[in-house]
Structures are given as C-alpha cells and as structure tokens.
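Please read all numbers here as calculations on a predicted model, not as lab measurements. Keep in mind that the numbers below use all heavy atoms, side chains included, and drop hydrogens, waters and symmetry copies.
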Amino acid sequence: MRRQIERLGVVFAGALLCANGQWLNYPAPGTPRTRDGKANLSAKAPRASNGKPDLSGVWQTEFAPPGENERLFGPVVREYAVLGDDPQTFSKYFLNILSDFKPEDLPIRPSAEELYQKNNARRGTDNPATLCLPQGIPRADVFAYAPFKIIQTPGLIAVMYEVDNTHRQIYMDGRKLPADPQPAWLGYSVGRWDGDILVVDSAGFNDRSWLDSMGHPHSEDLRIQERFHRRDFGHMDLAITVEDLKMYTKPFSIKVTEILLPDSDILETVCNENEKDRAHIDQK
C-alpha cells in the first residue's frame with residue numbers, strides 16, 4: 001500500500017512532502033483482477049490500439065533488497081535514517097549511478113571526478129533537488145520514493161513525475177532530435193518501437209542536474225537511451241544507457257524494475273511550498 005505521508009530528507013529534496021495519490025483505490029477500468037478483487041500484476045501486459053504494448057499507468061521503481069544500500073553506502077544511508085527515511089526505499093542507482101563498478105574500474109574522467117568530489121562534499125546544500133530544482137533524468141526514472149505516470153498515445157507519450165511536478169514529452173512521430181536545442185532540465189526525447197520494447201533517445205540537456213544524489217555530474221553532451229519493456233501487467237523492465245564522453249570514458253548502463261501501482265494516481269508536489277529546512281542546513 002502506498003505511504004500515507006512521506007518526507008524526503010533535506011539531503012536531496014528539501015522539505016518536499018509526498019502524499020497519497022488522487023482517487024486512491026478507485027478501480028481502474030481494464031485492470032485484471034484476482035478472485036479477491038485485487039489487481040493481478042502477473043496478468044498479460046495490455047496492448048494499445050496499434051498492437052504495441054500499452055505502458056500507461058502509475059509506476060514506481062522497485063525498492064532495494066533489504067540491507068543492500070546499508071552494505072554499499074553505510075555512512076550515506078545513515079544520513080537518511082536520521083531524517084526518518086527508510087534507506088531500503090532508494091534504488092542504489094539513485095544514490096550512486098556508478099555503484100556497479102569497482103573503484104579501479106570507474107569510467108569517470110579526472111575533471112568529472114573533481115567536480116563529483118565538490119558536489120558530494122556539499123550534497124546537503126548544493127544538490128539541485130535541495131534547491132527545489134528538477135531531479136532530471138535518469139535520476140527521476142530510478143527514484144523509488146515517488147512514482148511517475150505514463151500516458152501513451154500513438155504519436156506522443158507523456159511522462160509525469162510526482163517528485164518534481166515536472167513532465168516529459170516523448171515524440172513517436174518519426175522526428176529527429178533537435179540539432180541545436182535550447183538546453184533543458186529533462187532534455188528532448190524521441191521514441192520508437194523495437195518489437196515490444198519502447199526505445200527512447202534523449203539529448204539537449206543542460207548541465208545543472210546531477211545523475212544521482214551523491215553528485216555525479218554530466219555535461220550538455222549527455223545522451224540518454226531508455227528501453228522500456230512491460231513484461232506483464234504489473235512489471236516493467238527499464239534499461240538506461242548514459243553517454244557523456246566529456247565526463248565519462250565510455251557509455252554505461254543500469255537496469256531497474258518498475259512496479260505498477262494499480263488503482264492509484266500521482267499527486268502534484270511543490271517543493272517550495274512551506275519549505276523550512278534549507279535555512280537550517282549546516283553550511284559547513
């Protein structure tokens with residue numbers, strides 16, 4: 001069951017409050033049910049009118065396995081625990097997008113490593129989310145604390161993120177990415193189908209967001225490819241490839257599972273509304 005009221009720690013999001021979605025438990029039409037009336041998340045994935053998988057719905061990144069984040073990021077997750085947040089509710093990639101690499105194999109360039117160290121040292125004060133700025137992607141894609149909603153049409157797919165009250169438009173009409181875009185927080189996105197997998201290519205980002213909450217940076221050369229595969233009614237595999245050769249020596253990929261939140265919805269969140277924490281953050 002979705003949380004009643006959740007507070008995001010000031011380490012990454014100021015005093016943002018997330019509450020239950022609108023019309024919680026209102027039965028969604030077309031949802032397969034078990035005998036007890038619950039949504040059958042193992043049923044077949046639905047199809048759109050054009051025969052492609054229908055990705056519409058409210059999705060939330062699968063929580064980390066018990067103990068994983070404590071094992072990988074002991075001191076950091078203790079900061080969240082002090083603030084009353086459960087470290088298990090964060091994807092390891094939200095905390096550190098390079099968590100799959102051994103220290104000696106990190107594909108980060110020296111200039112990016114220097115910037116990362118500066119960001120990490122001040123993640124409580126300089127984190128864009130602490131300043132009520134957008135999470136950006138891929139960070140918003142793997143933010144297990146808050147869901148996102150996909151609305152799918154044949155020519156356009158919209159993604160609405162609860163955490164930032166922001167949205168993306170993924171154009172499915174065959175257009176190319178803009179050659180000289182005005183840099184944007186969430187970039188520009190175009191999509192295509194590869195069988196039953198939705199492939200989304202994005203570029204045109206500004207360099208102000210972080211790839212994760214620890215401060216891994218990116219440049220305006222960042223390119224993101226997402227591959228969405230709804231394997232059944234309630235589970236969607238999401239593979240994300242990050243390419244930014246100004247900051248990293250090679251592209252790298254992460255994979256998460258998105259879980260459908262049936263009979264639910266997202267709710268708007270306004271980070272600056274009644275925000276009281278930033279003034280009390282230790283500037284040291």
Side-chain angles (χ1 to χ4, degrees), residues 52 55 59 61 91 93-94 96-98 100-101 106-113 115-116 119 127-129 131 133-143 148-161 163-195 197-229 236-256 258:
K52 297 299 183 182
L55 309 185
W59 300 92
T61 305
S91 162
Y93 300 117
F94 174 79
N96 183 352
I97 199 168
L98 298 180
D100 287 340
F101 291 91
L106 289 172
I108 189 168
R109 296 189 184 278
S111 58
E113 173 66 23
L115 182 54
Y116 161 70
N119 291 344
N127 188 329
L131 301 174
L133 295 171
Q135 298 278 338
I137 57 173
R139 184 168 160 173
D141 282 344
V142 298
F143 187 25
F148 59 88
K149 182 175 184 177
I150 294 179
I151 302 173
Q152 180 174 327
T153 71
L156 179 70
I157 296 176
V159 184
M160 304 166 62
Y161 296 97
V163 66
D164 288 325
N165 207 31
T166 54
H167 68 275
R168 297 167 62 196
Q169 298 181 93
I170 302 170
Y171 289 93
M172 302 291 294
D173 55 7
R175 71 180 67 186
K176 304 296 183 183
L177 287 169
D180 185 23
Q182 173 69 30
W185 284 96
L186 277 74
Y188 303 76
S189 299
V190 296
R192 56 186 169 83
W193 289 100
D194 181 6
I197 297 176
L198 173 65
V199 181
V200 180
D201 292 300
S202 300
F205 300 95
N206 66 35
D207 60 1
R208 299 177 63 191
S209 65
W210 293 358
L211 296 180
D212 55 29
S213 63
M214 289 190 182
H216 282 103
H218 66 82
S219 74
E220 290 188 357
D221 285 359
L222 174 68
R223 298 182 71 93
I224 299 288
Q225 184 177 93
E226 299 152 292
R227 298 178 65 89
F228 297 85
H229 177 221
M236 183 163 61
D237 299 320
L238 173 56
I240 304 171
T241 298
V242 177
E243 181 177 348
D244 184 353
L245 296 183
K246 277 190 176 180
M247 294 287 184
Y248 302 93
T249 58
K250 61 181 180 181
F252 57 90
S253 299
I254 61 175
K255 295 180 180 180
V256 297
E258 305 292 348

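- Partner of Asp141 under the side-chain contact (heavy atoms from CB on, under 4.5 Å) criterion, out of Val256, Ile224, Leu238: Leu238 alone.
- Taking the six-membered ring for Trp and thresholds of 30 and 60 degrees, Phe252 and Phe101 have ring planes more than 60 degrees apart, a perpendicular arrangement.
- With sequence neighbours left out, the ring-ring contact (aromatic ring centres under 6.0 Å, His included) criterion links Tyr188 to no other residue.
- Here the closest non-hydrogen pair linking Gly136 and Leu186 is CA-CD1, 4.3 Å.
- In this structure the side chain of Ile151 reaches within 4.5 angstrom of the side chain of Met160, judged on heavy atoms.
- Atom OG of Ser219 and atom CZ of Arg109 lie 10.5 Å apart (nearest 0.5 Å).
- Within the 3.5 Å criterion, the main-chain N or O of Phe94 finds no donor-acceptor partner in the side chain of Asp212.
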Notebook entry, point to check: Can you check side-chain contact (heavy atoms from CB on, under 4.5 Å) on Phe148 and Glu258, steps first, answer last?
Noted result: CA-CA 10 Å; Phe148 59 88; Glu258 305 292 348; 3.6 Å; yes
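- Atoms OG and CD1, from Ser189 and Ile157 in turn, are 10.5 Å apart once rounded to the nearest 0.5 Å.
- Pairs of residues two or more places apart, or lying in two chains, that qualify as salt bridge (Lys or Arg N to Asp or Glu O under 4.0 Å) and include a residue from residues 238-247 are Asp221-Lys246.
- Panel note: side chain Asp164, backbone Gln135; a donor-acceptor pair is recorded below 3.5 Å.
- By the side chain to side chain donor-acceptor pair (under 3.5 Å) test, Asn206 pairs with no residue at all, sequence neighbours left out.
- Taken from CD in Glu113 to CD1 in Ile108, the straight-line distance is 5.0 Å, to the nearest 0.5 Å.
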Note to self: For a side-chain contact (heavy atoms from CB on, under 4.5 Å) check, start with the C-alpha distance between Ile197 and Phe228, then their side-chain angles and the critical distance, and finish with the verdict.
What the structure shows: CA-CA 6 Å; Ile197 297 176; Phe228 297 85; 5.8 Å; no
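- Here the side chains of Ile254 and Ile97 are in contact, with some heavy-atom distance below 4.5 Å.
- Taking all atoms of both residues into account, the shortest heavy-atom contact from Tyr116 to Pro217 is CB-CD, 4.0 Å.
- Atom OH in Tyr161 sits 7.5 Å away from atom OG1 in Thr166 (nearest 0.5 Å).
- Salt-bridge check for Asp194 with Arg227: passed, with a basic side-chain N closer than 4.0 Å to an acidic carboxylate O.
- Between atom CH2 of residue Trp185 and atom CZ of residue Arg208 there is a gap of 4.0 Å, rounded to the nearest 0.5 Å.
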Solution key, residues 176-184 side-chain donor-acceptor pairs under 3.5 Å, sequence neighbours excluded:
none

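- Take His218 and apply the ring-ring contact (aromatic ring centres under 6.0 Å, His included) test, not counting sequence neighbours, and it matches no residue.
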Next item on the list: Determine, step by step, whether Lys149 and Val159 satisfy the side-chain contact (heavy atoms from CB on, under 4.5 Å) criterion, reporting the C-alpha distance in whole Å, the side-chain angles of both residues, the deciding distance to 0.1 Å, and the verdict.
Entry: CA-CA 6 Å; Lys149 182 175 184 177; Val159 184; over 6 Å; no
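- Evaluated for a side-chain contact (heavy atoms from CB on, under 4.5 Å) with His216, the options Leu115, Asn119, Asn96, Leu106 yield exactly one hit, Asn96.
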Item checked: Evaluation steps, side-chain contact (heavy atoms from CB on, under 4.5 Å), between Val242 and Ser253 -> CA-CA 6 Å; Val242 177; Ser253 299; over 6 Å; no
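- Taking CG of Leu156 as the start and CD of Gln169 as the end, the distance is 5.5 Å to the nearest 0.5 Å.
- The closest side-chain heavy-atom distance from Tyr248 to Leu211 is below 4.5 Å.
- Ser91 and Thr61 share no donor-acceptor pair across their side chains, judged by distance under 3.5 Å alone.
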Notebook entry, point to check: Hey, mind stepping through Tyr93 and Arg139 against side chain to side chain donor-acceptor pair (under 3.5 Å) and telling me if it holds?
Noted result: CA-CA 8 Å; Tyr93 300 117; Arg139 184 168 160 173; over 6 Å; no
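- Classification of Arg168 and Glu226 as a salt-bridged pair holds, one side-chain N sitting under 4.0 Å from a carboxylate O.
- What you find for Gln225 and Arg192 is that their closest heavy atoms are NE2-NH2, 4.0 Å.
- Residues satisfying the side chain to side chain donor-acceptor pair (under 3.5 Å) test with Lys52, not counting sequence neighbours, are none.
- The closest side-chain heavy-atom distance from Met172 to Leu198 is below 4.5 Å.
- Between the side chain of Gln152 and the main chain of Leu55, a donor-acceptor pair closer than 3.5 Å is present.
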